[in-house]
Peer 1: 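Structure provided below as structure tokens; questions to follow.
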Amino acid sequence: MVSFEMNDRKKIGLGLTGFGFFFTFLGVVFLFDKGLLAMGNILLLSGLALTIGLKSTLQFFIKPQNYKGTIAFGVGFFLVLIGWPIFGMILESYGFLVLFSGFWPTLAVFAQRIPVLGWLFQQPFIRSLIDRYRGKRVPV
């Protein structure tokens, strides 16, 4: 059964995930610094594993419909680690889009309900884009 309570493990996992995104952003800003990108990737994956659990994380990455995304993300991660950060980030971005394309509609609804920035996502042009891609996976 899935628990929606925020225990300490989930709080630490969300913090690690946030730091992972932050270090990845810094790595891109500092002209694809491979150290920052690698640290961001490691923090992102460990935060995901702590937030939803190791078993759920492995099941998510091993699903047959997620194979292409998992392979692209893994090869991109490896390329960042061996020192080819630009090609690695391109592959990781593709893998990230393929893996998490099912979550975009949920994220769009959440973004529309943010108190300060929600009005931006409720504008007609952006709403039409959101409605067009609701429920669709990224073509592979």
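All values derive from a computational prediction rather than experimental measurement.
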Peer 1: Restricting to side chain to side chain contact (heavy atoms under 4.5 Å, CB included), what partner residues turn up for Ile12, sequence neighbours left out?
Peer 2: Leu16, Leu50
Peer 1: With a cut-off of 6.0 Å (strictly less than), are more than 12 heavy atoms of other residues, nucleotides or ligands near CZ of Phe78?
Peer 2: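 Atom CZ in Phe78 is not crowded, with 12 or fewer foreign heavy atoms closer than 6.0 Å.
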Peer 1: If you group Ile, Leu, Val, Met, Phe, Trp and Tyr by side-chain heavy-atom gaps below 4.5 Å, do Ile71 and Ile82 land in one group?
Peer 2: yes
Peer 1: Can you name the closest pair of heavy atoms from Phe61 and Leu99 and give their distance?
Peer 2: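 The answer is CE2-CD1, 3.4 Å.
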Peer 1: Can you name the side chain to side chain contact (heavy atoms under 4.5 Å, CB included) partners of Leu91, sequence neighbours left out?
Peer 2: Ala72, Val75, Leu79
Peer 1: Which pair of non-hydrogen atoms, one from Thr57 and one from Gly53, has the smallest distance, and what is that distance?
Peer 2: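 Answer, listing the atom of Thr57 first, then Gly53: OG1-O, 2.7 Å.
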Peer 1: Output all residues satisfying side chain to side chain contact (heavy atoms under 4.5 Å, CB included) with Ser56, sequence neighbours left out; order by chain, then residue number.
Peer 2: Ile52
Peer 1: Among all residues two or more places apart in sequence or in another chain, which pass the side chain to side chain contact (heavy atoms under 4.5 Å, CB included) test with Leu14?
Peer 2: Met6, Thr51
Peer 1: Atom OG1 of Thr70 and atom OH of Tyr67: how far apart are they, to the nearest 0.5 Å?
Peer 2: 8.5 Å
Peer 1: Please examine the side chains of Asn7 and Lys10, heavy atoms only from C-beta on, and report whether any two atoms are closer than 4.5 Å.
Peer 2: yes
Peer 1: Going hydrophobic residue to hydrophobic residue with side-chain gaps under 4.5 angstrom, can you get from Ile86 over to Phe23?
Peer 2: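 No, because Ile86 and Phe23 fall into different hydrophobic clusters, even though each may have its own neighbours under 4.5 Å.
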Peer 1: Would a hydrophobic clustering, with Ile, Leu, Val, Met, Phe, Trp and Tyr connected at side-chain separations under 4.5 Å, put Val80 with Val28?
Peer 2: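 Yes, it is one cluster - the side chains of Val80 and Val28 are joined through contacts under 4.5 Å.
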Peer 1: Could you grab the distance from atom CG of Leu120 to atom CZ of Phe125, nearest 0.5 Å is fine?
Peer 2: 11.5 Å
Peer 1: Could you state the interatomic distance from CD (Gln65) to OG (Ser101), rounded to the nearest 0.5 Å?
Peer 2: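 Between Gln65 CD and Ser101 OG, I get 9.5 Å after rounding to 0.5 Å.
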Peer 1: What are the two closest heavy atoms between Phe73 and Phe96, and how far apart are they?
Peer 2: CD1-N, 4.3 Å
Peer 1: Run the side-chain donor-acceptor check on residues 33-46: report pairs under 3.5 Å with partners two or more places apart or on a different chain.
Peer 2:
from	atom 1	to	atom 2	distance (Å)
Asp33	OD2	Leu36	N	3.3
Asn41	ND2	Leu37	O	3.3
Asn41	ND2	Glu92	OE1	3.4
Asn41	ND2	Glu92	OE2	2.7
Ser46	OG	Ile42	O	3.0
Ser46	OG	Leu43	O	3.1

Peer 1: Is there a path of hydrophobic side-chain contacts, each under 4.5 Å between heavy atoms of I/L/V/M/F/W/Y residues, joining Phe21 to Leu48?
Peer 2: yes
Peer 1: Among all residues two or more places apart in sequence or in another chain, which pass the ring-ring contact (aromatic ring centres under 6.0 Å, His included) test with Phe19?
Peer 2: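 Partners of Phe19 under the ring-ring contact (aromatic ring centres under 6.0 Å, His included) test: none.
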Peer 1: Is the distance from the ring center of Phe25 to that of Phe30 below 6.0 Å?
Peer 2: no
Peer 1: Determine whether Lys11 and Asp8 satisfy the following criterion, side-chain contact (heavy atoms from CB on, under 4.5 Å), listing intermediate values before the conclusion.
Peer 2: CA-CA 5 Å; Lys11 289 178 186 176; Asp8 288 339; 4.2 Å; yes
